[in-house]
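What follows is a single structure, and I will ask about it in a moment.
Every chain is numbered from 1, with letters handed out A, B, ... down the list of sequences.
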Amino acid sequence: MKKEVKRKKKRKKKIIDFNVIEKKWQNYWEKEKIYRFDPKSKKKIFSIDVPPPYASSGHLHVGHALHYTQFEIIARFRRMLGENVYFAPCFDDNGLPTEKYVEEKLGISKKDVTRAKFRKLCLEESKKIEKTYSDRVFKKLGHSYDWSLLYTTISPEAQKIAQVSFLDLIKKGDCYRAEEPTIWCPYHQTALAQAEVEDLKRTTQLNYIYFDLEGEKEKIKIATTRPELLASCVGVFVNPSDIKNKKLVGKTAIVPLFGYKVRIMEDEKVDPEFGTGIVMVCTFGDTGDIEFWKKYKLDLKISIDKEGKLTEVAGKYKGLDIKRAKEKILEDLRKEKRLEKQETIEQTVGACWRCSTPIEFIVTKQWFIKTLQYKEKLIGFGRKIQWFPQFYRMRYEDWVRNLGWDWTISRQRYYGVPIPVWYCKKCKKIIFAEKNNLPVDPTASKPKKKCSCGSNQFKPEYDVFDTWMTSSMTPQIAMRWLKKPKEFKKMFPASLRPQAHDIIRTWTFYTILKSFLHFSSIPWKNIAIGTYVLDSKGKGMHKSKGNVIWAEDILNKYSTDVFRYWVGIATFGEDLRYQEKDLIAGKKFLTKLWNAFNFSSIHLKNYKSKKPKKLQAIDQWLLSKIQKLIQEITKDFKNYKTGNVTRKIEYFFWHIFCDNYLEISKNRLYQGKKQEKESAQYTLYNSFLTLIKILAPTVPHITEELYQQYYRKHEKVKSIHIAEWPKPVAGLINEKIEKLGDKAIEIIGKVRQYKTKNQKSLKAEIILTLDKDKIKELKPFIQDLAAVTKAKEIKTGKFDIKFL
RNA sequence: GGGCCUGUGGUCUAAUGGUUAGGACGUUGCUCUCACACAGCAAAGAUCCUCGGUUCAAUUCCGAGCAGGCCCACCA
């Protein structure tokens with residue numbers, strides 16, 4: 001009972017109020033402009049191409065918070081290394097998510113209001129969300145952005161850059177408008193890029209349909225999941241090696257219900273095992289159809305329109321949507337006894353990544369950027385960039401190699417960057433906006449000059465750009481390509497692009513593409529792929545699975561620095577399982593750091609920053625080890641191996657510094673002679689300062705607090721975050737002394753073990769007997785050895801311990 | 001179907017071509033020792049996924065397999 005009371009008292013005394021510390025220093029950093037980028041400085045620039053987050057008003061997933069904090073730690077490290085860090089915060093407020101949010105929040109549909117009005121509403125809402133987001137997320141997480149460099153993807157500057165990019169590519173011949181089969185979402189009624197298509201698993205009916213053969217009694221059976229496309233059938237194919245069907249080649253089939261004739265041809269791509277081994281090609285059911293259509297120059301019969309309804313090509317089925325048309329056509333086939341059977345099969349189809357509506361392939365006029373002809377070049381540029389970890393480069397290369405389409409950049413949406421183009425109503429000529437008038441919204445303005453045909457009547461381009469058209473220019477937007485071309489030149493290519501691996505095929509690819517097309521340059525020297533957070537069982541976190549951990553809950557429960565410590569154990573490119581015990585360990589670590597500081601500051605009260613003539617052996621031992629630590633973690637940081645950094649510091653601090661060095665030094669600090677004490681104080685001062693410096697990028701609040709409490713008055717620099725990163729001093733590395741010190745610690749361990757086994761208190765006084773050689777060797781450590789093991793006497797002989 | 005990554009005590013992980021495979025969490029015992037019981041000390045706990053190969057020597061290198069994860073493609 002007494003014990004309990006005493007325990008509680010003690011505990012109360014030592015608790016750190018993280019909340020107070022965090023707010024205090026966040027305000028201080030802001031007030032003192034600690035993280036300002038200095039455009040005039042001659043220091044080496046480290047520029048970061050930050051992923052613009054979509055500022056959702058909802059909660060923030062731990063994975064997302066980790067991702068943004070992970071490279072923020074790198075920014076802090078580089079700043080302390082003495083580099084001029086260009087770290088611009090940003091928001092992505094361009095595109096469908098914003099449209100959807102505004103529609104939901106205001107209870108309107110974009111179709112109810114004018115385009116201009118809707119865009120205005122989107123802008124207003126984005127601004128509001130971004131404000132709360134930056135306060136609640138970025139500042140709360142202690143991020144060190146230079147807020148004066150903020151940009152948003154819908155800002156006039158960003159729009160201008162997207163439009164300039166477009167015009168430049170038109171000029172270079174890398175951008176064109178064409179009527180092509182395009183990936184189409186019938187729900188959103190817009191074209192999509194290959195990257196926006198996701199797999200959708202579903203069960204469907206495979207229908208076996210009889211086709212007549214011209215001039216023959218025999219019928220053939222064709223299996224299809226899309227009977228509604230019968231009206232678009234433009235050819236029938238079999239595999240040339242398919243014995244049972246080969247005889248059909250060259251004959252003519254008659255399409256049921258519609259009665260027209262199509263040729264039967266052969267192609268190796270046909271799988272003789274699927275269905276009946278006979279395929280009908282329609283324009284268009286899937287990418288295979290497009291391939292056949294192009295390869296054999298088949299007819300074009302468009303039977304599905306932009307809204308997903310059947311066209312006049314489908315005759316009496318015109319106007320029906322895909323689902324109804326399928327039902328009706330199957331019904332009619334059944335009536336005509338042309339439907340042999342139906343099989344239920346599992347099928348994966350491409351679907352719109354936002355609404356999961358299966359995509360269609362529709363021929364429309366769209367704008368494209370050339371990609372296919374540059375594949376090899378783009379792979380080459382990918383190799384000029386350093387990837388962390390390196391294997392992710394393979395993902396990029398695989399994607400580039402397998403590209404099947406040029407990039408469709410036009411979207412049939414409302415909110416987005418407009419395509420700066422008009423069409424002459426009279427002669428249909430395309431009129432491009434003038435570069436110095438950008439950004440321009442063609443629906444709200446007119447070309448400055450008449451068309452060359454003399455007409456003054458124009459039809460604006462209503463389409464807007466794919467959001468990646470802007471996002472692919474983030475290095476240019478972030479570093480003010482158009483506004484400050486001189487500074488831009490100094491910073492480009494950027495130093496670092498941090499990003500998630502799931503958007504290598506989009507963001508990475510498009511950014512490299514643009515940089516290649518506009519500048520013949522790589523966009524950044526390094527790309528670091530962030531950590532992907534899984535749940536404790538190793539599964540991805542998804543709202544639908546109910547296993548999501550919210551960052552806010554963790555921050556409230558454990559504080560920002562504890563959260564950041566957890567971020568610190570992650571390594572770029574490696575998955576991390578979320579486990580609460582990791583946060584508990586982080587919390588313990590910070591408490592230990594706090595306590596070690598309390599101890600140190602007591603003994604450093606009257607410290608005179610003067611290096612003693614001779615450092616004692618144990619001090620040399622610690623200083624030697626710390627030089628190596630600095631060497632290693634500086635290298636690890638440069639290679640984005642942040643997990644190693646944290647692990648190494650943790651081990652050093654806990655086991656070398658606290659468990660051994662401090663314990664051994666206690667005697668000297670409490671009752672040592674002047675010389676001994678000064679040596680210990682010097683070492684303590686410098687090693688602890690080094691420790692909080694190397695921890696500062698990861699846990700910026702507590703390290704600032706400790707720095708300000710004690711070191712500021714000695715070191716003068718106004719924040720630890722702009723203090724100089726420790727440099728390893730080669731002269732302090734001493735292998736011999738390290739080995740001896742390690743041996744002394746080994747002996748201390750043995751003595752402790754012996755005492756525990758014999759159920760003696762660790763304070764029990766002993767006589768320690770050591771080999772003659774060992775005593776000689778360990779002479780510099782004998783005094784410490786005696787003090788820590790409570791050895792009254794150290795004698796020569798075989799290793800032996802006697803209790804007094 | 002193709003590509004990439006991973007596989008170490010109960011759990012999470014580290015290092016390593018050659019002594020007792022390191023640490024954290026958890027478990028057990030002892031100790032409030034003057035920074036810290038959110039601590040210290042100690043103990044128990046591992047066929048280093050399986051099978052082959054290279055080697056004097058493999059948990060480590062190579063190959064195959066199994067399992068998990070991710071990306072991509074195909075699916076008429």
Side-chain angles (χ1 to χ4, degrees), chain A residues 3 6-8 10-11 13-16 194-195 199 201 204 206-207 222-226 229 233 236-237 269-271 274-282 285-289 292 345-350 389-399 401-404 501-502 504-505 532 534 536-540 569 573-582 584-603 643-644 647-648 650-651 654-655 658-659 662-663 666 669-671 748-749 751-757 759-764 788 790:
Chain A
K3 255 189 177 177
K6 215 173 169 186
R7 220 172 253 181
K8 266 181 195 165
K10 272 202 163 174
R11 205 174 287 166
K13 202 177 80 186
K14 301 297 176 193
I15 280 170
I16 318 163
Q194 194 178 346
D199 284 357
K201 279 209 169 91
T204 192
L206 182 62
N207 307 284
I222 295 180
T224 177
T225 57
R226 308 234 17 211
L229 285 172
C233 179
V236 170
F237 285 82
K269 280 241 164 170
V270 179
D271 177 0
F274 190 90
T276 59
I278 310 174
V279 190
M280 67 167 188
V281 170
C282 305
D286 58 39
T287 50
D289 287 345
F292 283 128
I345 57 161
E346 284 288 324
Q347 180 195 40
T348 310
V349 291
Q390 226 216 353
F391 63 77
Y392 274 111
R393 203 187 72 206
M394 292 309 292
R395 282 240 178 128
Y396 166 78
E397 291 189 5
D398 287 349
W399 175 257
R401 255 185 221 110
N402 293 321
L403 280 171
H501 65 70
D502 57 338
I504 289 175
R505 63 186 175 140
Y532 187 69
L534 305 167
S536 59
K537 290 172 195 113
K539 304 272 176 211
I569 67 173
E574 284 174 20
D575 292 352
L576 178 70
R577 293 187 185 194
Y578 172 83
Q579 313 224 85
E580 189 144 12
K581 67 178 190 184
D582 288 336
I584 294 168
K587 194 180 168 199
K588 283 182 173 182
F589 179 86
L590 297 186
T591 308
K592 185 89 175 167
L593 185 71
W594 183 266
N595 287 315
F597 171 79
N598 285 341
F599 172 82
S600 306
S601 59
I602 290 167
H603 296 287
N644 284 4
R647 218 174 299 112
K648 284 174 187 171
E650 184 183 280
Y651 182 82
W654 211 298
H655 301 294
C658 293
D659 290 351
L662 289 187
E663 289 305 322
K666 270 180 185 170
L669 290 165
Y670 277 110
Q671 59 245 347
I748 292 168
V751 173
R752 281 168 176 167
Q753 199 175 343
Y754 192 88
K755 287 183 177 176
T756 308
K757 265 189 188 152
Q759 295 198 302
K760 294 278 178 189
S761 159
L762 289 178
K763 279 203 298 190
V788 179
K790 314 285 173 206

task: Output yes when at least one side-chain N/O atom of A:W654 is less than 4.0 Å from OP1 or OP2 of B:rG40, else no.
output: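 Answer is yes, contact under 4.0 Å.
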- prompt: B:rG69, B:rG29, B:rC4: which one has an atom nearest the side-chain heavy atoms of A:M394?
  reply: B:rC4
message: Students often get this wrong, so: under 4.0 angstrom with heavy atoms, is A:F391 touching a base, only sugar-phosphate, or nothing?
response: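 The residue A:F391 makes sugar-phosphate contact but no base contact.
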query: Which heavy-atom pair separates A:V788 from A:I748 by the least distance, and what is that distance?
result: CG1-CG2, 4.1 Å
task: Ignoring the backbone of A:K587, work out which of B:rA73, B:rC41, B:rC38 is nearest its side chain.
output: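 For the A:K587 side chain, the nearest candidate turns out to be B:rC38.
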Watson-Crick or G-U counterpart of B:rG1, or none if no pair lies under 3.5 Å: B:rC72
task: Consider the side chain of A:D659, meaning its heavy atoms from C-beta on, and name the nucleotide among B:rG40, B:rA14, B:rG23 that approaches it most closely.
output: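 Ranking B:rG40, B:rA14, B:rG23 by closest atom to the A:D659 side chain puts B:rG40 first.
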message: A side-chain contact here means heavy atoms from C-beta on lying under 4.5 Å apart; do A:F589 and A:I584 qualify?
response: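 No; the side chains remain at least 4.5 Å from each other.
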- request: Could you give the distance separating B:rA58 and B:rA43 at their C1' atoms, to the nearest angstrom?
  value: 31 Å
- request: Give a yes/no on whether any side-chain N or O of A:R577 is located under 4.0 angstrom from OP1 or OP2 of B:rC12.
  value: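 So the side-chain polar atoms of A:R577 do come within 4.0 Å of the phosphate oxygens OP1 or OP2 of B:rC12, strictly under.
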task: Give the minimum heavy-atom separation between A:R226 and A:G285, together with the two atoms involved.
output: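 It is NH1-O, 3.7 Å.
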- prompt: Using a cut-off of 4.0 Å on non-hydrogen atoms, how would the nucleic acid contact of A:C282 be classed: base, sugar-phosphate, or nothing?
  reply: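 The answer is nothing, as A:C282 stays clear of every strand by at least 4.0 Å.
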message: Please report the distance separating the C1' of B:rC34 from the corresponding atom of B:rU13, rounded so that it comes out in whole Å.
response: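 These two C1' atoms come out 36 Å apart once rounded.
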query: How about A:S536 and A:R577: do any of their side-chain heavy atoms sit closer than 4.5 Å?
result: no
task: Indicate, with a heavy-atom threshold strictly under 4.0 Å, whether A:R752 touches base, sugar-phosphate, or nothing.
output: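 Touches sugar-phosphate only.
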- prompt: From the list B:rU11, B:rG40, B:rA24, which nucleotide is the closest neighbour of the side chain of A:H655?
  reply: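 Out of B:rU11, B:rG40, B:rA24, the nucleotide with an atom closest to A:H655's side chain is B:rA24.
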statement: Testing B:rA39, B:rA76, B:rA14 for proximity to the side chain of A:K592, the answer is B:rA39
- request: Indicate, with a heavy-atom threshold strictly under 4.0 Å, whether A:K757 touches base, sugar-phosphate, or nothing.
  value: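 Nothing: the residue A:K757, judged by heavy atoms under 4.0 Å, touches no strand.
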- prompt: Whole Å only: how far is the CZ atom of A:R393 from the C1' atom of B:rC71?
  reply: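 From A:R393 CZ to B:rC71 C1': 16 Å.
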message: Within the 4.0 Å heavy-atom criterion, would you say A:E663 contacts the bases, only the backbone, or no part of the nucleic acid?
response: base
field: Among B:rC71, B:rA24, B:rA76, the one nearest A:K581 by side-chain distance
entry: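 Within the option list, the nearest is B:rA24.
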- request: Taking atom P in both B:rU33 and B:rC41, compute the distance separating them and give it to the nearest angstrom.
  value: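 The answer is 16 Å between these two P atoms.
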query: For the pair made of CZ in A:F599 and C1' in B:rC34, what is the distance, rounded to whole Å?
result: 10 Å
query: So, for A:C233 and A:C282, which heavy atoms are closest and what is the spacing to 0.1 Å?
result: CA-SG, 3.9 Å
field: P spacing across the pair B:rA14 / B:rC71, given as an integer number of angstrom
entry: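 The same atom, P, in both gives a distance of 22 Å.
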Sugar-phosphate only, base, or nothing, as touched by A:D582 at under 4.0 Å among non-hydrogen atoms: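 Here A:D582 touches no strand at all.
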message: If I pick the C1' atom on B:rG23 and the same atom on B:rC66, what distance separates them, to the nearest angstrom?
response: 30 Å
task: Between B:rA76, B:rG29, B:rG3, spot the one nearest the side chain of A:R395, thanks.
output: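 The listed nucleotide nearest to A:R395's side chain is B:rG3.
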- prompt: How far does the P atom of B:rU8 sit from the matching atom of B:rC32, given to the nearest Å?
  reply: 40 Å
- request: Using the closest heavy atom to pick a nucleotide of RNA chain B for each, name whichever of A:G749 or A:A585 lands nearer the 5' end.
  value: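 On the 5' side of the pair lies A:A585.
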task: Ignoring the backbone of A:Q579, work out which of B:rA14, B:rU11, B:rC71 is nearest its side chain.
output: B:rU11
task: Considering only atom P, compute the distance from B:rU11 to B:rU47 and round it to an integer number of Å.
output: 11 Å
- prompt: OP1 or OP2 of B:rA42 less than 4.0 angstrom from a side-chain nitrogen or oxygen of A:K755, does that happen here?
  reply: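 No, outside the criterion.
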query: Counting only side-chain N and O atoms of A:Q753, is one of them less than 4.0 Å from OP1 or OP2 of B:rA43?
result: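 Answer yes for this pair, as a side-chain N or O of A:Q753 is under 4.0 Å from OP1 or OP2.
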field: Heavy-atom closest contact (A:M280 atom, A:D289 atom, distance)
entry: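 Shortest heavy-atom separation between A:M280 and A:D289 comes out as O-OD1, 4.2 Å.
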- request: Can you tell me the distance, in whole Å, between the CG atom of A:D286 and the C1' atom of B:rC75?
  value: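 To the nearest whole Å, that distance equals 8 Å.
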task: Just call it for A:T224: base, sugar-phosphate, or nothing, with non-hydrogen atoms closer than 4.0 Å on any strand.
output: sugar-phosphate
- prompt: In whole angstroms, how far is the C1' atom of B:rU31 from the NZ atom of A:K790?
  reply: 13 Å
query: Under 4.0 Å: is that the gap between some side-chain N or O of A:R505 and OP1 or OP2 of B:rC72?
result: yes
task: Please report, rounded to the nearest Å, how far the P atom of B:rU11 is from the CG atom of A:L534.
output: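 Nearest whole value for this atom pair: 17 Å.
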- prompt: Considering only B:rC70, B:rC38, B:rA76, which nucleotide approaches the side chain of A:K588 most closely?
  reply: B:rC38
- prompt: Hey, is the main chain of A:T224 close enough, under 3.5 Å, to the side chain of A:N207 for a donor-acceptor pair?
  reply: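 Answer holds: yes.
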message: Using the C1' atom as the point on both nucleotides, what is the distance between B:rG18 and B:rU31, in whole Å?
response: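 B:rU31 and B:rG18 have their C1' atoms separated by 40 Å.
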query: Any sub-3.5 Å donor-acceptor pair from A:K755's side-chain atoms to A:L762's backbone N or O?
result: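 Between the backbone of A:L762 and the side chain of A:K755 there is a qualifying donor-acceptor contact (under 3.5 Å).
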field: Given RNA chain B, 5'-ward residue of the pair A:I602 and A:D398, judged by closest heavy atom
entry: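 Nearest-nucleotide comparison on RNA chain B picks A:D398.
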